[in-house]
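The next block holds one structure in the form of structure tokens; read it before the comments.
Indexing begins at 1, ligand by ligand and atom by atom, following the structure's order.
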Amino acid sequence: MNLVLFGPPGAGKGTQAAVLCTELGVPQVATGDIFRRHLKEGTPLGEKARSYMNKGQLVPDEVVWELVAARLSESDCESGVLLDGFPRSVRQAELLVAWMKDNGRSVDCVVALEVPDEALVARLARRRTCLSCGGTYHLDHAPVRVEGVCDACGGEVVQRSDDNEETVRARLETYHKTTSPVLTYFEELGLAQRVNGVGDIQSISQRLRIAIG
Ligand code: ADP
Ligand code: ADP
Ligand code: ZN
């Protein structure tokens, strides 16, 4: 099963991906997490991505695609994958669909989490993220057990530098302008389903299970 978990920043993609990947037995490919790992390690790819990420803009399609195509070709992705935060432009979506076809595979399902902008701003302001595994927490809705320490891996849990109000607003603008047309693209292919992303985390997991079938 090749699944795309779609939605604006803060919609709950990372939170729900953690649940779905375990249940479906497929790896999570989160482009934002991959870029943050490169940033931390100071690789050339990280350097290329840095200024875009800090401004809340998209990393150029060719740069993202090179990375995703390489990841999809790895053996653990052969029997399926959950894409989180990719595709974020119609160009990226076209490249993905073409790659799947060329490799005798297909995008099987796109589930889109819908959350109003004001709720997204509130969620992201209080989000905390594990520097090691990318796990996401929230000061009120999903706190860590021990302050500053990841429940899952023991890594350091911090506030992402782009989770400040100004950059969040820029990311939402990028989403509405460049990313939301991806949903229309997949709807026209008959692949997309919209899921209400407001409610408690368990109820949303259940809505996603039903949508995926
Ligand atoms: P995304 O990966 O789509 O950017 P996250 O999964 O990181 O979103 O969630 C954004 C923030 O909102 C995190 O702090 C997360 O703990 C919190 N969150 C996730 N789901 C919910 C929910 N259903 N209700 C309230 N807060 C949530
Ligand atoms: P969020 O959890 O808020 O949805 P991500 O962690 O997925 O954010 O992405 C963080 C940043 O990484 C984005 O603002 C963007 O600069 C860059 N990025 C991640 N995925 C992509 C992508 N598919 N295309 C272009 N840029 C991306
Ligand atoms: Zn962790």
Side-chain angles (χ1 to χ4, degrees), residues 4-20 28-39 45-46 48-68 71 82-93 95-96 111-115 119-144 146 148-163 167-168 170-175 178-179 182 195-208:
V4 173
L5 190 51
F6 185 83
K13 301 182 297 295
T15 302
Q16 298 298 336
V19 178
L20 291 176
Q28 173 190 8
V29 174
T31 41
D33 288 351
I34 299 174
F35 285 132
R36 275 186 293 281
R37 220 169 296 140
H38 280 273
L39 272 177
L45 180 66
K48 256 189 230 172
R50 183 191 303 277
S51 65
Y52 298 100
M53 293 176 79
N54 285 341
K55 282 186 274 192
Q57 295 170 357
L58 294 185
V59 176
D61 291 338
E62 320 79 70
V63 176
V64 185
W65 175 245
E66 198 180 318
L67 176 140
V68 173
R71 182 69 186 93
L82 185 153
L83 290 162
D84 160 4
F86 180 92
R88 264 175 149 102
S89 69
V90 171
R91 178 74 191 133
Q92 291 179 16
L95 286 164
L96 174 68
V111 274
L113 287 168
E114 296 193 296
V115 178
L120 297 172
V121 174
R123 284 185 187 185
L124 293 175
R126 293 178 73 73
R127 170 161 73 176
R128 295 295 180 268
T129 304
C130 173
L131 282 177
S132 301
C133 74
T136 50
Y137 297 91
H138 189 278
L139 292 180
D140 314 309
H141 305 298
V144 287
V146 179
V149 180
C150 177
D151 292 359
C153 80
E156 191 187 348
V157 174
V158 300
Q159 179 165 34
R160 269 169 53 178
S161 60
D162 59 346
D163 279 349
T167 314
V168 166
R171 283 152 67 200
L172 288 176
E173 204 178 304
T174 302
Y175 173 80
T178 312
T179 304
V182 171
V195 171
N196 178 5
V198 179
D200 63 74
I201 292 170
Q202 290 82 358
S203 319
I204 296 164
S205 303
Q206 190 52 24
R207 289 174 205 157
L208 289 170

Exercise for the section: Taking T178 for its side chain and S89 for its backbone only, find out whether a donor-acceptor pair lies under 3.5 Å. Expected result: no
Exercise for the section: Could you list the residues that satisfy side chain to side chain contact (heavy atoms under 4.5 Å, CB included) with D33, not counting sequence neighbours? Expected result: Q28, A30, R36, R37
Problem - Close N or O approach (Y137, ligand 1; < 3.5 Å) - result: yes
Problem - Ion pair check, R91 and D61, cut-off under 4.0 Å - result: no
Problem - Donor-acceptor contact present, side-chain R128 to main-chain V157, <3.5 Å - result: no
Handout entry: Under 3.5 Å donor-acceptor, E173 side chain and Q57 backbone
Key = no
Handout entry: Short N-O contact, D163 and R171, less than 4.0 angstrom
Key = yes
Practice task
Report the distance from atom CG of L83 to atom CG of L5, rounding to the nearest 0.5 Å.
Solution key: 9.5 Å
Exercise for the section: Could you say whether the N/O atoms of G197 and ligand 1 ever approach to under 3.5 Å? Expected result: no
Problem - ligand 1 versus I204: contacting region, heavy-atom distance under 4.0 Å - result: side chain
Problem - Heavy-atom donor-acceptor pair, K13 side chain to A112 backbone, under 3.5 Å - result: no
Handout entry: P60: side chain to side chain contact (heavy atoms under 4.5 Å, CB included) partners, not counting sequence neighbours
Key = Y52, E62, V63
Practice task
Quick one: sort the W65 and F86 rings into parallel, tilted or perpendicular, breaks at 30° and 60°.
Solution key: parallel
Fill in the blank from the handout: Checked the Zn ion (ligand 3): protein N, O or S atoms closer than 2.8 Å come out as C130 SG, C133 SG, C150 SG, C153 SG
Practice task
Measure from the side-chain N and O atoms of Q16 to the backbone N and O of I201, and report whether any donor-acceptor pair falls under 3.5 Å.
Solution key: yes
Problem - Residues lining ligand 2 [heavy-atom distance under 4.0 Å, listed by chain and residue number] - result: P9, K13, T31, G32, F35, R36, M53, Q57, L58, V59, V64, G85, F86, R88, Q92, R127, R160, R171
